[in-house]
Amino acid sequence: MQVQVCYCAQSGYRLLDLELPAGATLAEAVQASGILALYPELTIGTWTYGVFGKLKPLDALLHHLDRVEIYRPLSADPMEARRRRAAKQLAART
């Protein structure tokens, strides 16, 4: 089956196409892609993973044409960022 592994680093994104046997797991796709060697900051157990935007565990079975996504931690708290933007807009009005 064909799958893709996608990772968006700060320097740009990488999309890798793979051919895996039926019944392969998300962890097997990440290992087989070679992405861990390309990006030393990645480690298999500490990052968050998903398939087409939905969080999945490493033992999730993949299907033909799935896109495995590796998610980086957020660089800022979304609520705090929104508060800062709102305060900045309010200050600009006065």
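Keep in mind that the numbers below use all heavy atoms, side chains included, and drop hydrogens, waters and symmetry copies.
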TODO: Working to the nearest 0.5 Å, report the span between CG of Leu20 and CD of Gln31.
DONE: 11.5 Å

- [ ] Determine, using the 4.5 Å side-chain heavy-atom cutoff (strictly less than), whether Phe52 and Leu16 are members of one ILVMFWY cluster.
- [x] yes

Just list the side-chain donor-acceptor pairs under 3.5 Å for residues 55-71, sequence neighbours left out, or say none.
from	atom 1	to	atom 2	distance (Å)
His64	ND1	Gln2	N	3.2
Asp66	OD2	His63	N	2.8
Arg67	NE	Glu69	OE2	2.8
Arg67	NH2	Glu69	OE2	2.6
Glu69	OE1	Gly53	N	2.7
Glu69	OE1	Tyr71	OH	2.4

- [ ] Using the salt bridge (charged side-chain N to carboxylate O under 4.0 Å, His left out) rule, collect all pairs that involve residues 82-94, keeping only residues at least two apart or in two chains.
- [x] Glu80-Arg83

- [ ] Using the test ring pair (Phe, Tyr, Trp, His ring centres under 6.0 Å), find all partners of Tyr39 that sit at least two apart in sequence or belong to another chain.
- [x] Tyr7

Open item on the list: Could you report the tightest heavy-atom contact between Val3 and Ala29, atom names first, then the distance?
Closed with: CG2-CB, 4.5 Å

Open item on the list: Suppose the criterion is salt bridge (charged side-chain N to carboxylate O under 4.0 Å, His left out): which pairs have a residue in residues 7-28, not counting sequence neighbours?
Closed with: none

TODO: May I ask whether Leu18 and Leu38 are part of the same hydrophobic cluster, defined by side-chain heavy atoms of I, L, V, M, F, W, Y residues being less than 4.5 angstrom apart, directly or through others?
DONE: yes

- [ ] Report the distance from atom OG1 of Thr25 to atom OH of Tyr49, rounding to the nearest 0.5 Å.
- [x] 11.5 Å

